[in-house]
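Report on one structure; see the data block that follows.
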Protein chains: 2
Amino acid sequence: MAAVRQISGPCRLWPEDNAFIRDVLDRIGDKWTMLTISTLSPGSLRYSDLQASIPGISQRMLTQTLKHLEADGLITRTAYAEVPPRVEYELTDLGRSLQDAVMAMASWAAEHHGEIASNRASSELTGVGRLRAAGDAATT
Amino acid sequence: MAAVRQISGPCRLWPEDNAFIRDVLDRIGDKWTMLTISTLSPGSLRYSDLQASIPGISQRMLTQTLKHLEADGLITRTAYAEVPPRVEYELTDLGRSLQDAVMAMASWAAEHHGEIASNRASSELTGVGRLRAAGDAATT
DNA sequence: CGGGATCCTTCTTGATACTG
DNA sequence: CAGTATCAAGAAGGATCCCG
């Protein structure tokens, strides 16, 4: 019922139902989630492999991200009761379907991050998008 | 030079350059940014229109988001020195190029948020992706 | 090896009040 | 109308220590 109803307007995508976008975004829009998904794209990986593949992540965030993804049904967690504990994580079909979107974002990021960087540098100089006025006065 | 170099591997997308992704993601991965971009998709809008179109946003976040987007060169800000101040925001070409990626995410979200929701509900019951053990154990 | 539980610091965000 | 300036609450994240 609350689906993507057909809007008669021009290009109006999400009427007033921004809700579900924010909901989904709050999960997969997070950087670690994105990186985790992309890292799992090639195939299943173990906890330590993931941690190694995602440089800046802490085990706290990795664990949390992994659990969220598992709870959302985007990945599966398989624990092998071996002597040296081994746990493998793998994308589910649902998770794989997200890959495309993630790739789109990633590709865009790869293609334009240079442009964005220079834009930011410029506005930094011209003071265009200047913000940070509040709390900046911590001259104490 | 740090672009999407061709990797010879299987599906390896981002070598060890997760950096730029996180960088871009930190800006456009944010929910307000996504919503703002999508809201501006149809065409230019004024500040108040944007605020009205994005229900939960506070003027602080709207202003901040708008400035970030402007600084990144994703939108343009045009102020008309009229008696009732009027400022219009519009996507730039760069901003429009992001639309696709945003749409991809949005579409995916629209298509699967229901599925995700039920998955989450299930794991909530089965305790699969259960986290929040800390402080939760007030069962003493 | 794979986490679970904690502590503590920083960043983010919302509510509010004021201005050109 | 279109922001700007502050403040305080809360969430997010990192570093640690510990266990099975």
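Each chain gets a letter, A, B and so on, in the order the sequences are listed, and its residues count up from 1.
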* Compare side-chain N and O positions of B:Tyr47 against OP1 and OP2 of D:dT4 and report whether any pair is under 4.0 Å apart. => no
* Rounded interatomic separation in angstrom, taking CE from B:Met61 and C1' from C:dT12 -> 7 Å
* **Steps toward side-chain contact (heavy atoms from CB on, under 4.5 Å) verdict (A:Trp32, A:Leu62)** => CA-CA 8 Å; A:Trp32 298 127; A:Leu62 179 54; over 6 Å; no
* Between A:Ser48 and C:dG2, is there a side-chain N or O to OP1/OP2 distance below 4.0 Å? -> yes
* A:Ile54 CD1 - D:dG13 P separation (whole Å) -> 13 Å
* Among side-chain atoms of A:Tyr47 and A:Thr63, is any donor-acceptor pair under 3.5 angstrom? -> yes
* Partners of B:Arg96 by salt bridge (Lys or Arg N to Asp or Glu O under 4.0 Å), sequence neighbours excluded? -> B:Glu90, B:Asp93
* Would you please confirm or rule out a distance under 4.0 Å between OP1 or OP2 of C:dG3 and any side-chain N or O of A:Lys67? => no
* To do: Return no unless some side-chain N or O of B:Arg46 is found under 4.0 Å from OP1 or OP2 of D:dA2.
  => yes
* Asked: When all nucleic acid strands are considered with a 4.0 Å heavy-atom cut-off, which category describes B:Tyr89: base, sugar-phosphate, or nothing?
  -> sugar-phosphate
* side-chain contact (heavy atoms from CB on, under 4.5 Å) assessment of A:Tyr89 paired with A:Ile75 -> CA-CA 7 Å; A:Tyr89 291 92; A:Ile75 65 173; 3.8 Å; yes
* Asked: Going 5' to 3' along nucleotides 15-20 of chain C, which nucleotides have protein heavy atoms under 4.0 Å from the base (write B), which only from the sugar-phosphate (write S), and which from neither (write -)?
  -> BBB--B
* Determine, stepwise, if the pair B:Thr78 / B:Glu88 fulfils side chain to side chain donor-acceptor pair (under 3.5 Å). => CA-CA 5 Å; B:Thr78 313; B:Glu88 301 245 337; over 6 Å; no
* Protein-nucleotide distance (B:Asp30, atom CG; D:dA11, atom C1'), rounded to Å -> 14 Å
* Shortest non-hydrogen contact from A:Glu115 to A:Ser118? -> O-OG, 2.8 Å
* Structure fact -> Whole-Å distance, A:Leu62 CG to C:dC1 C1', equals 13 Å
* Length of the line joining A:Gln51:CD and D:dA15:C1', which is rounded to integer Å -> 13 Å
* Structure fact -> To the nearest 10 degrees, the angle between the two end axes of the helix from C:dC1-D:dG20 to C:dG20-D:dC1 (five pairs per end) comes to 50°
* Asked: B:Glu70 CD to D:dA2 C1': how many Å, rounded?
  -> 14 Å
* Nearest atoms (heavy-atom pairs only) where B:Leu69 meets B:Thr36 -> CD1-CG2, 3.7 Å
* Asked: Nearest heavy-atom pair of B:Trp108 and A:Ile28: which atoms, and what distance?
  -> CZ3-CG1, 4.5 Å
* Structure fact -> Taking C:dG3, D:dG3, C:dG14 as options, the one with an atom nearest any side-chain atom of B:Arg77 is D:dG3
* To do: State the CG-CD distance between A:Leu91 and A:Gln99, to the nearest 0.5 angstrom.
  => 5.5 Å
* Asked: Taking atom C1' of D:dG3 as reference, at what distance in whole Å does atom CD of B:Gln64 sit?
  -> 13 Å
